[in-house]
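Data block below; observations after.
Counting from 1, the numbers follow the sequence of the chain as shown. Reckoned from all heavy atoms, side chains included, excluding hydrogens, waters and symmetry mates.
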Amino acid sequence: MQSERAAKIFGDREDPRHRLVELFGGEVPEGGQPPETAMRWAAAVASPEHDEVVVVRDLRRAEPRLTLRAATFLARHLARA
């Protein structure tokens, strides 16, 4: 897996689900969904009624280790929930 620092500098090329499992635990779900633990955390941190950019900002402020790709992935799924 690409290091967190390299991902922030050169762009994250990893499956965001693996990075979310690394940060929040749980298992990588099938079907392209984020881990349930990450979704629960994201729902507690950010409001899905906000613009996606605001949700991504809130998620990354709450968890600085979260890469842009993983935060965007979570924000998009949070808006659908």
To the closest 0.5 Å, what do you measure between [atom1] ([X]) and [atom2] ([Y])?
| X | Y | atom1 | atom2 | value |
| --- | --- | --- | --- | --- |
| Met39 | Arg80 | CE | CZ | 9.5 Å |
| Leu66 | Thr72 | CG | OG1 | 8.5 Å |
| His77 | Gln33 | NE2 | CD | 5.0 Å |
| Leu23 | Arg65 | CG | CZ | 5.0 Å |

Worked check of side chain to side chain contact (heavy atoms under 4.5 Å, CB included) between Leu20 and Phe73:
CA-CA 10 Å; Leu20 292 171; Phe73 179 72; 3.8 Å; yes

What's the shortest heavy-atom distance between [X] and [Y], and which atoms?
| X | Y | result |
| --- | --- | --- |
| Pro35 | Val21 | CG-CG2, 3.5 Å |
| Ala46 | Val55 | CB-CG1, 3.7 Å |
| Ala75 | Leu59 | N-CD1, 4.2 Å |
| Arg17 | Gly32 | NH1-N, 3.7 Å |
| Leu74 | Pro34 | CD2-CB, 4.0 Å |
| Asp58 | Val45 | O-CG1, 3.8 Å |

